[in-house]
Amino acid sequence: MGGPIESTRPATSDRAELPPLPGAVDGKVVLRLAPFPNGALHIGNARMLYVNDEYRRRYRGKLYLVFDDTIGSEEKRVDPAIFDVIQNDLVLAGVPPDDVFYKSDRIPRFYPWAVRVIERGAAYVCRCPAELLRKNRESGTACPERSQSLEETLEGWEKMLAGAFGPGEAVLRLRTDLADPDPAFRDRVLMRISDLEHPRVGRKYRVWPMLEFSWAVDDVELGLTHVLRGKDLVIEDRMEEFIWKLLGIQGPPFLHWGLLRLREAKIAKSKSFKEVKSGVYDGWSDPRTWSIDSLARRGIRAEALRRFTLSFGLSLSDIEVPAETLYAENRQLIDPTTARRAFVPDPVLVEVEGAPELGVIELPNHPDRPELGRREVVAAPPYWLPRAELERHAGEEIRLKDLLNLKLPLERIAGDATRLVARFTGRENKKLPRIQWVARESSIPVELLELDGSRRTGQGEGSLRSSAPGDVLQFERVGFVRLEDKWKPGTEPVLACFGHP
RNA sequence: GCUCCCGUAGUCUAGUCCGGCCAAGGAUUCGGCGCCUUCGACGCCGUAACCCGGGUUCAAAUCCCGGCGGGAGCACCA
């Protein structure tokens, strides 16, 4: 007896597991999400969300949302409306944070740290124009300020805080090594001066930390045990570690993953931002943004996004995945419980000569799941049929799915034709092209929002009248759709958003 | 140009740290068949990969060297 020894190979039929977190202690893990608040979360942020959340679950730890809302730049401004949008996105994504922090609330905390770094003799106040600073960095040239004494630096720092310098006139720089092989790492800026108005704290502060420095501080102050982030931020690791070493601090370890892009969604957040603001897009939930919100609108479940994202593990390769992979994940989740309905896009009215009276028939809600029940459908000509199919099968015999066969006239359908007469050929279930149909008698207009933002109009079966906003359905031979939240039952047309094939 | 990272089938991934059970597993896609009523699901079958060249070794996807290819960073942005 006993099971055969199949193979010692790891059972990879199950979903790939993320590797264990180094040094993680159950119940003690503290992680963070740090999106820049300039746009809704989108598919590119999903990896950050679910990898962090997965570890939080596994180790029963904490996950903080930390808004990286330092002052930014002219080009990269914080959008105050986005704070709520992001929090809402996290709820939609099924990744609620345990606590929320704003960097802009923490600015004074960075000042003493700056002093600590200065007192180690590892920083100086540089008054070079940005241009020159960059040039010197590239060539590895030291500017005169680099050799200033500790006292001079402290004095300069105090002057920065006191407002003696205008924006761009002075920065606090870390003294790394001008000969560092990585030019990007030479004497990076820690703190700078900005007069821009911050949406949350206004002009309360003039001296702002750079991202890396703020994290060197907050990853310690917030008690993070592990920092998980995209590998585009690896230089931040070095910076943080450099500062910790300088101050004799043991900081959390870093883990990374590569860039994840959806082939269909190469859009930049900034572009979406523009289109959302200008009203070209229908808000952040416009399918063209590929935001988390827009995916929810399309009936793509958070669980599908989670599985999709985690399937890539912590791989460091930069990848580009077709959306079809995400759709497959979602289909697996929703197909077994999703009711089928008829929807005829770009419909043409077709009379059927010699058709028997059928009245009202019953059809199953799902072809393989009788437990999902049945619905009543009126089966009486004339029928709405999809124009594209009528054109493709002109002169041929076709079958109205689940109903009857008919022969289409040979004539070509004029572009604006609205009526056609076909001939009944029988009810026998023959192997014929099958198309969806809706009897005019009980049809209801439907407007389907497509992924490119366009709207397709058509006729849906009468049973849609008893559907509710938020329902996910399959329009047979069209795809999975979700009825729009803004649709009010009892009104026409029914509003639906296309999900995926 | 400099720095770092990556390179397994069409796509993604497991395996690479600790060489042999990997003539390479899974998912998805694609093709065929079935389920006689979907361009969906399900079932079966099939196609298909270790970037290249050297080296070490009885043995290399796995270790070493050298190429090539791809990505990211080189902001007083995040």
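Note on naming: letters A, B, ... go to the chains in the order of the sequence lines (proteins, then strands), and numbering restarts at 1 for each one.
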For this session: Please determine if Glu138(A) and Lys135(A) form a salt bridge, counting it only when a charged side-chain N lies under 4.0 Å from a carboxylate O.
Result: no

Seminar exercise, completed: Testing U37(B), U28(B), A41(B) for proximity to the side chain of Arg399(A), the answer is U37(B)

Exercise. To the nearest Å, how far apart are Arg238(A) CZ and C2(B) P?
Worked result: 17 Å

Exercise. Would you say the side-chain atoms of Tyr124(A) and Arg173(A) include a donor-acceptor pair closer than 3.5 Å?
Worked result: yes

Exercise. Should Arg137(A) be listed as having a side-chain N or O under 4.0 Å from OP1 or OP2 of C76(B)?
Worked result: yes

Exercise. When rounded to the nearest Å, what value does the distance between P atoms of C17(B) and C65(B) take?
Worked result: 15 Å

Exercise. Looking only at atom types and distance, does a side-chain atom of Ser454(A) sit under 3.5 Å from a main-chain N or O of Glu450(A), one as donor and one as acceptor?
Worked result: no

For this session: For G20(B) versus G73(B), give the span between their P atoms, rounded off to a whole number of Å.
Result: 37 Å

Problem set entry | P-based separation of C2(B) from G55(B) [nearest Å] | 29 Å

For this session: Work out which heavy atom in Pro347(A) is nearest to a heavy atom in Gln459(A); give both atom names and the distance.
Result: CG-CG, 3.8 Å

Seminar exercise, completed: Lys135(A) atom NZ is separated from C76(B) atom P, nearest whole Å, by 15 Å

Problem set entry | Nucleotide nearest Leu259(A) when distance is taken to its side chain, options G71(B), A75(B), U38(B) | G71(B)

For this session: Examine C76(B): is either OP1 or OP2 under 4.0 Å from a nitrogen or oxygen in the side chain of Arg134(A)? Give yes or no.
Result: yes

Seminar exercise, completed: Per atom distances to the Lys401(A) side chain, the nearest of A78(B), U38(B), U28(B) is U38(B)

Exercise. Between the base of U11(B) and the side chain of Glu320(A), is there any donor-acceptor pair under 3.5 Å?
Worked result: no

Exercise. Where the side chain of Leu316(A) is concerned, which of A78(B), G40(B), C6(B) is the nearest nucleotide?
Worked result: C6(B)

Problem set entry | Distance, P atom - from G26(B) to U47(B), rounded to whole angstrom | 13 Å

Exercise. In whole Å, what is the span from the CZ atom of Phe308(A) to the P atom of C12(B)?
Worked result: 11 Å

For this session: Using the P atoms only, state how far G69(B) lies from C51(B), rounded to an integer number of Å.
Result: 16 Å

For this session: Provide the Watson-Crick or G-U wobble partner of C39(B), both distances under 3.5 Å; none if there is no partner.
Result: none

Exercise. With rounding to whole Å, what would you report as the distance between G40(B) and C35(B) at their C1' atoms?
Worked result: 14 Å

Exercise. Would one find a side-chain N or O of Arg331(A) under 4.0 angstrom from OP1 or OP2 of A41(B)?
Worked result: yes

Exercise. Can you check whether Gln332(A) has a side-chain N or O nearer than 4.0 Å to OP1 or OP2 of A27(B)?
Worked result: no

Exercise. Considering only side-chain heavy atoms of Asp318(A), which listed nucleotide, U28(B), C12(B), G70(B), is closest?
Worked result: G70(B)

Exercise. On a whole-Å scale, what distance lies between the P atoms belonging to C50(B) and C5(B)?
Worked result: 25 Å

For this session: Check whether any side-chain nitrogen or oxygen of Thr338(A) sits under 4.0 Å from OP1 or OP2 of G40(B), and answer yes or no.
Result: no

For this session: State whether the distance check finds a donor on one side and an acceptor on the other, under 3.5 Å, for side chain Glu236(A) versus base A78(B).
Result: yes

For this session: Please state how far atom OH in Tyr102(A) lies from atom C1' in A78(B), giving the value in whole angstrom units.
Result: 17 Å

Problem set entry | Closest nucleotide among G7(B), C36(B), A78(B) to the Arg434(A) side chain | C36(B)

Exercise. U3(B) pairs with which nucleotide, Watson-Crick or G-U wobble, both distances below 3.5 Å?
Worked result: A72(B)

For this session: State whether Asp218(A) and Arg106(A) are salt-bridged, where the test is any N-O pair (Lys NZ or Arg NE/NH1/NH2 against Asp/Glu carboxylate O) under 4.0 Å.
Result: yes

Problem set entry | hbond_proxy Glu428(A) side chain to C36(B) base (donor-acceptor, 3.5 Å cutoff) | no

Exercise. Do the side-chain N or O atoms of Ser311(A) get closer than 4.0 angstrom to the phosphate oxygens (OP1, OP2) of A27(B)?
Worked result: no

Problem set entry | Residues Lys407(A), Glu397(A); criterion salt bridge (charged side-chain N to carboxylate O under 4.0 Å, His left out); working and verdict | CA-CA 4 Å; Lys407(A) 175 131 179 167; Glu397(A) 188 179 13; over 6 Å; no

For this session: Could you measure between the two C1' atoms, the one in A27(B) and the one in C64(B), and give it in whole Å?
Result: 34 Å

For this session: Look through every strand shown and name the nucleotide pairing with G19(B) as Watson-Crick or G-U wobble, where both distances are under 3.5 Å.
Result: none

For this session: Could you tell me whether the phosphate oxygens of C36(B), OP1 or OP2, come under 4.0 Å of any side-chain nitrogen or oxygen in Asn429(A)?
Result: no

Problem set entry | Short side-chain N/O contact to G73(B) OP1/OP2 from Arg188(A), under 4.0 Å | no

Exercise. Of the candidate nucleotides U11(B), A78(B), U38(B), which contains the atom at the shortest distance from the side chain of Phe36(A)?
Worked result: A78(B)

Problem set entry | Between C74(B) (C1') and Ile235(A) (CD1): distance, integer Å | 7 Å

Exercise. Separation of Ile398(A) atom CD1 from U38(B) atom P, in whole Å?
Worked result: 15 Å

Problem set entry | Proximity to the side chain of Glu476(A) - top-ranked nucleotide from U38(B), G40(B), U11(B) | U38(B)

Seminar exercise, completed: Winner on side-chain proximity to Asp232(A), out of U11(B), U13(B), A72(B), is A72(B)

For this session: Nearest whole angstrom, please: distance from the C1' of A75(B) to the CE of Met239(A).
Result: 13 Å

Problem set entry | G-U wobble or Watson-Crick pairing nucleotide for U62(B) (cut-off 3.5 Å, both distances) | none

For this session: Tell which nucleotide pairs with C30(B), taking only Watson-Crick or G-U wobble pairs whose two distances are both under 3.5 angstrom.
Result: G46(B)

Problem set entry | Minimum-distance nucleotide to Asp182(A) side chain [options: C12(B), G73(B), C39(B)] | G73(B)

Problem set entry | Output field: ring centroids Phe67(A)/Phe36(A) closer than 6.0 Å | no

Exercise. Will you find, in the side chains of Asp89(A) and Trp284(A), an N or O donor that is under 3.5 Å from an N or O acceptor?
Worked result: no

Problem set entry | Distance-only donor-acceptor check, side chains Asn405(A) and Arg399(A), under 3.5 Å | yes

Exercise. Per the atom types in the model, does the base of U11(B) pair as donor or acceptor with the side chain of Arg263(A) at under 3.5 Å?
Worked result: no

Problem set entry | Pairwise 5' ranking along RNA chain B for His366(A) and Asp180(A), keeping only the more 5' one | Asp180(A)

